[in-house]
*Asks:* 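My questions will all concern the structure given below.
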Amino acid sequence: MEREIYFDNSATTQVHPDVADLMHETMIRNYGNPSSLHKKGVQAEQAVSHARKIIAGALEVSPEEIYFTSGGTESNNTAIKGIVHAYKSRGNHIITSNVEHPSVLNVFDHLEELGFRITYLRVKENGVIDMEELKEVLCSDTILVSLMHVNNEVGAVQPVQEVGEVLKGYHKKVFFHVDAVQSFGKLPVFPAKWGVDLLSVSGHKIHGPKGIGILYVKKGTRLKPLVEGGGQEKSVRSGTENVPGIVGLGKAVEIAVKDRDAHAKKMDAIRETLASRIKEQVADCRINSNFDGLGAPHILNISFPGTRSEVLLHYLEQDGIYISSGSACSAKKGKLSHVLTAMHLEEEEMEGSLRFSFSYMNDLEEVMPVVESVTKAVKELRALTGK
Ligand SMILES: Cc1ncc(COP(=O)(O)O)c(C=O)c1O
């Protein structure tokens with residue numbers, strides 16, 4: 001078999017074999033509708049309940065606070081639109097940052113068209129927001145703050161715990177939503193402890209199936225649902241439950257959380273080694289990810305000025321190496337990354353930026369072939385273009 005090195009785990013991950021086995025078994029044997037009153041329905045409902053309990057345990061919240069959605073995008077949409085439409089009588093101002101995933105930024109654009117006032121927090125050169133700016137922009141009209149925990153393009157870690165503290169101490173209730181799609185399974189994520197009211201997680205980023213996600217909603221929080229129907233998921237998300245997806249997600253969460261710290265250590269070693277070896281070979285590259293506690297263990301973004309990321313990506317592909325140019329969501333649009341723009345990179349640095357992203361299924365032995373391939377590709381491309 002041809003060699004395959006998959007360093008694109010922030011785009012998506014390979015389904016864990018135990019997850020796939022359990023989903024297969026569920027599809028074949030436990031195919032009832034959880035709403036049916038007979039035994040097959042009860043069995044399916046028990047499988048969903050079991051997964052809900054595993055997930056609630058991992059987040060240290062109660063199972064009644066866990067809702068299943070079709071993924072991170074739907075969780076983000078449900079959380080943000082659900083809150084602003086349920087609580088708009090309390091205020092018109094909502095806050096996010098300018099480095100969010102499109103499933104947050106585009107929702108905010110839409111809400112602006114509907115008349116909401118928006119503040120986009122800026123980030124510093126390390127991709128992290130400034131807490132002082134947040135404190136300055138909070139006002140009596142603010143009803144929601146929505147921030148990502150880990151940035152999907154560069155891995156910058158936002159101080160969500162600190163934000164939760166600030167909002168807890170504020171004189172009026174401001175809801176706090178966290179997009180934890182890139183952090184859950186890699187970093188500790190404890191919404192209840194951190195003063196987070198709503199939190200999004202996606203199955204396919206943690207070796208679970210695609211098309212399934214989690215929304216944590218703190219007890220007592222009202223949400224205007226996006227999808228109306230038969231009232232499943234306590235009417236927050238109608239539609240017959242994706243039982244195999246939910247069961248698979250439960251298994252993926254169990255595996256991800258059990259050895260989370262050991263996995264993070266392994267990914268961080270891969271990240272550090274790859275960064276330092278590439279820097280040795282291509283001295284003028286620019287590392288766009290943090291190594292000071294403000295960087296996630298699984299994401300490394302590097303710029304190679306004088307190259308084009310899409311071309312490098314296809315060079316590497318010929319060597320069986322899979323990576324990304326920026327985020328998968330924006331990679332096909334051909335415009336410069338809004339995250340790297342917000343971090344004030346030069347145009348040339350943005351054009352030649354690559355994202356390597358790791359999982360616990362990767363190994364340190366995979367690093368050197370990638371270093372060799374990247375070095376060769378950068379040199380060849382620069383020779384071709386005379387840069
Ligand atoms: C930070 C972040 N939020 C949300 C999403 C969307 O998740 P999904 O693909 O499950 O819709 C992604 C996916 O790349 C992401 O990286």
Side-chain angles (χ1 to χ4, degrees), residues 6-15 19 55 66-82 96-110 121 123 127-129 145-158 160 177-187 189 191 196 198-216 226-227 237 242 245-246 248-249 252-253 256 267 289 295-301 322-333 337-340 342-343 355-359:
Y6 187 76
F7 276 181
D8 200 14
N9 290 281
S10 286
T12 198
T13 54
Q14 183 186 1
V15 171
V19 170
I55 293 161
I66 298 296
Y67 296 83
F68 292 110
T69 68
S70 68
T73 299
E74 189 188 327
S75 293
N76 286 344
N77 271 261
T78 305
I80 299 165
K81 292 180 190 164
T96 188
S97 84
N98 59 5
V99 294
E100 299 297 313
H101 187 267
S103 59
V104 168
L105 284 179
N106 290 338
V107 175
F108 272 74
D109 276 355
H110 165 74
L121 299 174
V123 293
V128 178
I129 60 156
V145 174
S146 176
L147 286 176
M148 65 194 342
H149 189 192
V150 164
N151 182 272
N152 50 302
E153 292 192 32
V154 294
V157 181
Q158 302 297 351
V160 289
H177 166 244
V178 170
D179 173 353
V181 166
Q182 290 292 345
S183 63
F184 181 76
K186 285 98 182 176
L187 299 178
V189 173
V196 172
L198 307 114
L199 183 122
S200 309
V201 171
S202 173
H204 72 103
K205 309 289 185 181
I206 55 164
H207 299 286
K210 292 173 180 57
I212 188 81
I214 301 163
L215 180 61
Y216 157 77
L226 289 185
V227 181
R237 209 285 189 164
N242 172 359
I246 292 170
L249 175 58
V253 167
M267 291 185 257
S289 300
H298 63 300
I299 300 180
L300 176 64
N301 187 306
Y322 300 96
I323 55 157
S324 196
S325 69
S327 88
C329 294
S330 61
K332 285 199 186 118
K333 290 196 191 139
S337 148
H338 67 287
V339 177
L340 299 179
M343 290 166 64
R355 179 187 69 181
F356 305 86
S357 51
F358 320 108
S359 101

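Residue numbers run from 1 in the order of the sequence given. Each ligand, and each atom within it, is numbered from 1 in the order the structure gives.
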*Asks:* For atom 13 (C) of ligand 1, tell me which residue out of K205, Q182, H149 has the closest non-hydrogen atom.
*Replies:* K205
*Asks:* T13 side chain to N9 main-chain N or O, any donor-acceptor pair under 3.5 Å?
*Replies:*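 No.
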*Asks:* Which of the numbered atoms in ligand 1 are under 4.0 angstrom from any heavy atom belonging to H204?
*Replies:*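 Once the distances to H204 are compared, the set is 8 (P), 9 (O), 10 (O).
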*Asks:* With S357, which residues qualify under side chain to side chain donor-acceptor pair (under 3.5 Å), at least two apart?
*Replies:* none
*Asks:* Going by the order shown, which atoms of ligand 1 are within less than 4.0 Å of some heavy atom of G71?
*Replies:*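 Taking each heavy atom of G71 in turn, ligand 1 has 10 (O) under 4.0 Å.
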*Asks:* Residues in side chain to side chain donor-acceptor pair (under 3.5 Å) with D109, at least two apart?
*Replies:* Y120
*Asks:* Is any side-chain heavy atom of Q182 less than 4.5 Å from a side-chain heavy atom of N151?
*Replies:* no
*Asks:* Does M148 approach ligand 1 within less than 4.0 angstrom via side chain, backbone, both or neither, non-hydrogen atoms only?
*Replies:*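 For M148, only side-chain atoms sit under 4.0 Å from ligand 1.
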*Asks:* What part of N76, side chain from CB on, backbone N/CA/C/O, both or neither, has a heavy atom under 4.0 Å from ligand 1?
*Replies:* side chain
*Asks:* Can you name the atoms of ligand 1, numbered from 1 with element, that are less than 4.0 Å from a heavy atom of S202?
*Replies:*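 With S202 as reference, the close atoms of ligand 1 come out as 8 (P), 10 (O).
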*Asks:* Look at the rings of Y322 and Y6 and say which category their plane angle falls in: under 30° parallel, 30 to 60° tilted, over 60° perpendicular.
*Replies:*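 Tilted, since the angle between the ring planes falls between 30° and 60°.
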*Asks:* Got a donor-acceptor contact below 3.5 angstrom from the S75 side chain to the I214 backbone?
*Replies:* yes
*Asks:* Tell me the nearest of D179, V201, N77, I299 to atom 1 (C) of ligand 1, using heavy-atom distances.
*Replies:*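 Ranked by closest heavy atom to atom 1 (C) of ligand 1, first place is D179.
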*Asks:* Can a donor-acceptor pair be found, under 3.5 Å and without considering hydrogens, that links the side chain of H338 to the backbone of E100?
*Replies:* yes
*Asks:* Quick check on side chain to side chain donor-acceptor pair (under 3.5 Å): which of Q14, H207, H298, K205 does S359 satisfy it with?
*Replies:* H207
*Asks:* Run down the list G72, S200, S10 and name the one with the heavy atom closest to atom 8 (P) of ligand 1.
*Replies:* G72
*Asks:* Report the member of E100, K210, E74, H101 with the shortest heavy-atom distance to atom 15 (C) of ligand 1.
*Replies:* H101
*Asks:* Geometry only, no angles: is S103 polar-contacting ligand 1 at N/O separations under 3.5 Å?
*Replies:*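 In fact, backbone or side chain, S103 has no N or O that close.
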*Asks:* Which atoms of ligand 1 have any heavy atom of N152 under 4.0 Å away?
*Replies:*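 Within the 4.0 Å cut-off of N152, ligand 1 contributes 1 (C), 16 (O).
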